Amino acid sequence: MNKAWTRSPIETLESIKPKATALILQKQKKQALQLVSDYIKTENNRGLVFEATDFLETISKTFLSKESQEAYESSVNATIDNNKEAIRQVELCLKLEPANSECLVQRIRLASRNKNVGTLEANLTVLHETLPGSKTQQWVNFAIKKTDVDFKNKIILKKLPERPNEVIFALATLELDRSFAAKNFSRAKDIIQYLDKNFSDWPDIVFYKQKIEAESAEEKIQPSVDSVSLYSAKCKNLSKSSTRKYRYDFDLCIRGQP
């Protein structure tokens with residue numbers, strides 16, 4: 001690392017932030033990430049550690065070039081209807097920016113959808129090394145462990161915020177899956193209503209409305225042909241903007257598939 005950017009013992013988070021920002025402007029993301037990571041390792045104040053970790057995430061999500069950002073967006077756009085192209089584009093993004101967390105999450109998402117364990121674990125390791133203890137790391141861990149036996153006992157989202165964002169959306173869908181795993185259908189109904197209110201164009205809401213009806217009934221019933229067809233149609237006609245909006249949903253438009 002350039003000695004000019006090495007942290008001295010008396011530096012504060014507020015003095016490190018402009019240095020990291022300057023490194024990003026010089027397209028030295030690796031050095032910027034390392035600078036903040038080193039600070040986190042030596043800071044004892046939990047509040048400052050949380051703030052620094054959020055700043056670390058912001059740095060990691062920053063694209064250094066138009067080419068890498070376009071590759072990422074192209075990958076997300078192709079997720080549902082062109083798996084090979086989605087993989088090709090995200091690999092290009094990671095070649096240009098190996099530590100970009102948006103591209104890492106997209107690669108993990110594609111590996112999860114394709115059940116590619118090797119690629120999943122390799123990129124998950126990089127994400128953990130890049131953003132240890134971050135919100136992104138935490139929800140991605142939940143997303144890939146939904147089939148674990150103890151998933152139903154996890155604490156994912158205690159309250160449903162009045163003003164949700166894309167990360168809250170991801171957490172809400174995971175809490176929905178956890179509720180079904182725990183057979184807490186009252187909680188599941190509340191989350192379905194919440195998602196329907198705040199994310200009405202999310203195509204998978206159709207799947208979950210049918211699921212709650214089927215699984216909360218006294219006798220399990222099969223999905224109706226109409227609901228399956230409606231879900232398929234919504235996914236087939238999903239706009240690129242909605243595909244990007246719901247990019248943190250690892251199972252977008254593939255729920256119910258074997």
Side-chain angles (χ1 to χ4, degrees), residues 1-2 5 20-38 40 52-146 166-167 169-171 173-174 240-254:
M1 184 189 297
N2 189 330
W5 298 109
T21 301
L23 285 168
I24 289 293
L25 293 174
Q26 296 169 20
K27 299 187 182 300
Q28 297 182 44
K29 178 184 277 190
K30 183 178 180 180
Q31 292 89 333
L33 290 168
Q34 189 63 55
L35 182 67
V36 181
S37 294
D38 288 346
I40 292 172
T53 302
D54 285 346
F55 182 57
L56 189 70
E57 284 196 79
T58 299
I59 293 174
S60 183
K61 290 180 179 181
T62 301
F63 289 93
L64 298 183
S65 70
K66 183 178 180 181
E67 184 180 5
S68 60
Q69 184 168 1
E70 288 180 346
Y72 166 72
E73 291 176 356
S74 295
S75 177
V76 173
N77 287 342
T79 297
I80 294 176
D81 55 14
N82 194 335
N83 180 64
K84 289 184 178 180
E85 180 64 9
I87 293 174
R88 189 181 76 82
Q89 290 292 341
V90 79
E91 292 287 4
L92 172 59
C93 182
L94 289 172
K95 181 179 180 181
L96 296 168
E97 295 190 34
N100 188 295
S101 60
E102 291 282 30
C103 295
L104 283 168
V105 170
Q106 171 66 359
R107 190 64 189 94
I108 291 167
R109 179 193 188 202
L110 292 172
S112 175
R113 291 169 72 90
N114 294 317
K115 299 179 174 59
N116 188 328
V117 178
T119 299
L120 178 66
E121 292 181 348
N123 285 276
L124 192 60
T125 296
V126 178
L127 181 66
H128 287 184
E129 292 172 349
T130 304
L131 296 176
S134 67
K135 294 173 184 175
T136 295
Q137 181 204 20
Q138 291 169 5
W139 75 255
V140 168
N141 279 342
F142 283 133
I144 64 172
K145 293 180 178 180
K146 290 192 296 183
E166 56 194 20
V167 174
F169 162 77
L171 292 174
T173 62
L174 292 168
K240 296 303 181 186
S241 60
S242 292
T243 302
R244 292 191 297 274
K245 179 180 178 181
Y246 299 122
R247 67 191 182 281
Y248 291 156
D249 179 6
F250 280 24
D251 298 321
L252 182 68
C253 285
I254 60 171

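Numbers here simply count residues along the sequence, with the first being 1. Predicted model, so just to flag it, every value in this text is computed and none were measured.
The distance from atom CD of Gln137 to atom CD of Glu129, rounded to the nearest 0.5 Å, is 10.5 Å. If you take CD on Glu73 and SG on Cys103, they are separated by 10.0 Å, rounding to the nearest 0.5 Å. Residue Lys145 holds its NZ atom at 5.0 Å from CG of Asn141, rounded to the nearest 0.5 Å. Of the inter-residue distances, the one linking Leu120 atom CG with Ile144 atom CD1 reads 5.0 Å to the nearest 0.5 angstrom. Rounded to the nearest 0.5 angstrom, Thr79 OG1 and Ile254 CD1 are separated by 10.0 Å.
Across Trp139 and Leu174, no two heavy atoms sit closer than the pair O-CD1, 3.6 Å. Heavy-atom minimum distance, Ile40 versus Ala52: CG1-CB, 3.6 Å. Closest of all the heavy-atom pairs between Ala20 and Leu35 is N-CD2, 3.9 Å. What you find for Ala99 and Thr130 is that their closest heavy atoms are O-CG2, 3.8 Å. In plain terms, the two heavy atoms of Pro132 and Thr53 that are nearest each other are O-CG2, 4.2 Å. Considering all non-hydrogen atoms of both residues, Leu127 and Ser101 come closest at CD1-CB, 4.1 Å.
Side-chain contact between Asn77 and Arg244: present, with at least one pair of heavy atoms (C-beta onward) separated by less than 4.5 Å. Looking at Lys146 and Asp251, their side chains come closer than 4.5 Å, going by heavy atoms from C-beta outward. Inter-residue side-chain proximity for Glu97 and Ser65 is flagged as met; some heavy-atom pair is nearer than 4.5 Å. Between Thr243 and Asp81 there is no side-chain heavy-atom pair separated by less than 4.5 Å. Residues Asn114 and Ile87 are in side-chain contact: their nearest non-hydrogen atoms beyond the backbone lie under 4.5 Å apart. Annotation: side chain of Glu67 is in contact with side chain of Leu96 (closest heavy-atom distance under 4.5 Å). Contact check for Val76 versus Lys240: no side-chain heavy atoms found under the 4.5 Å cut-off. Side-chain contact check for Leu252 versus Arg109: some heavy-atom pair is nearer than 4.5 Å.
Checked by atom type and distance alone, the side chain of Ser134 never pairs as donor or acceptor with a backbone atom of Glu57 at under 3.5 Å. Between the side chain of Gln34 and the backbone N or O of Lys30 there is no donor-acceptor pair closer than 3.5 Å. A donor-acceptor contact shorter than 3.5 Å is absent between the side chain of Asn82 and the backbone of Ala78. A donor-acceptor distance shorter than 3.5 angstrom exists from the side chain of Lys27 to the backbone of Leu64, with no hydrogens or angles considered. A donor-acceptor distance shorter than 3.5 angstrom exists from the side chain of Ser74 to the backbone of Glu70, with no hydrogens or angles considered. Side-chain N or O atoms of Lys29 include one that pairs as donor or acceptor with a backbone N or O of Thr62 at under 3.5 Å. At least one donor-acceptor pair under 3.5 Å links the side chain of Ser37 to the backbone N or O of Leu33. Using a distance-only test at 3.5 Å, with no hydrogens or angles considered, a donor-acceptor pair links the side chain of Arg113 to the main chain of Phe250.
With hydrogens and angles left out, the side-chain atoms of Arg247 and Tyr72 include a donor and acceptor closer than 3.5 Å. A donor-acceptor pair shorter than 3.5 Å cannot be found between the side chains of Ser75 and Glu85.
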Pair Tyr246-Glu166, side-chain contact (heavy atoms from CB on, under 4.5 Å): steps then yes or no: CA-CA 7 Å; Tyr246 299 122; Glu166 56 194 20; over 6 Å; no
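When ring centroids are compared, Tyr248 and Phe169 stay outside the 6.0 Å threshold.
Applying side-chain contact (heavy atoms from CB on, under 4.5 Å) to Val126 and the options Leu94, Leu131, Leu104 leaves one that passes, Leu104. Tested against Asn123 for a side-chain contact (heavy atoms from CB on, under 4.5 Å), the candidates Leu110, Val140, Ile108, Val90 yield a single pass: Ile108.
For Lys245, the NZ atom is densely surrounded, since the number of other residues' heavy atoms within 6.0 Å is greater than 12. The neighbour count for Lys61 NZ, taken as heavy atoms of other residues, nucleotides or ligands under 6.0 Å away, is above 12.
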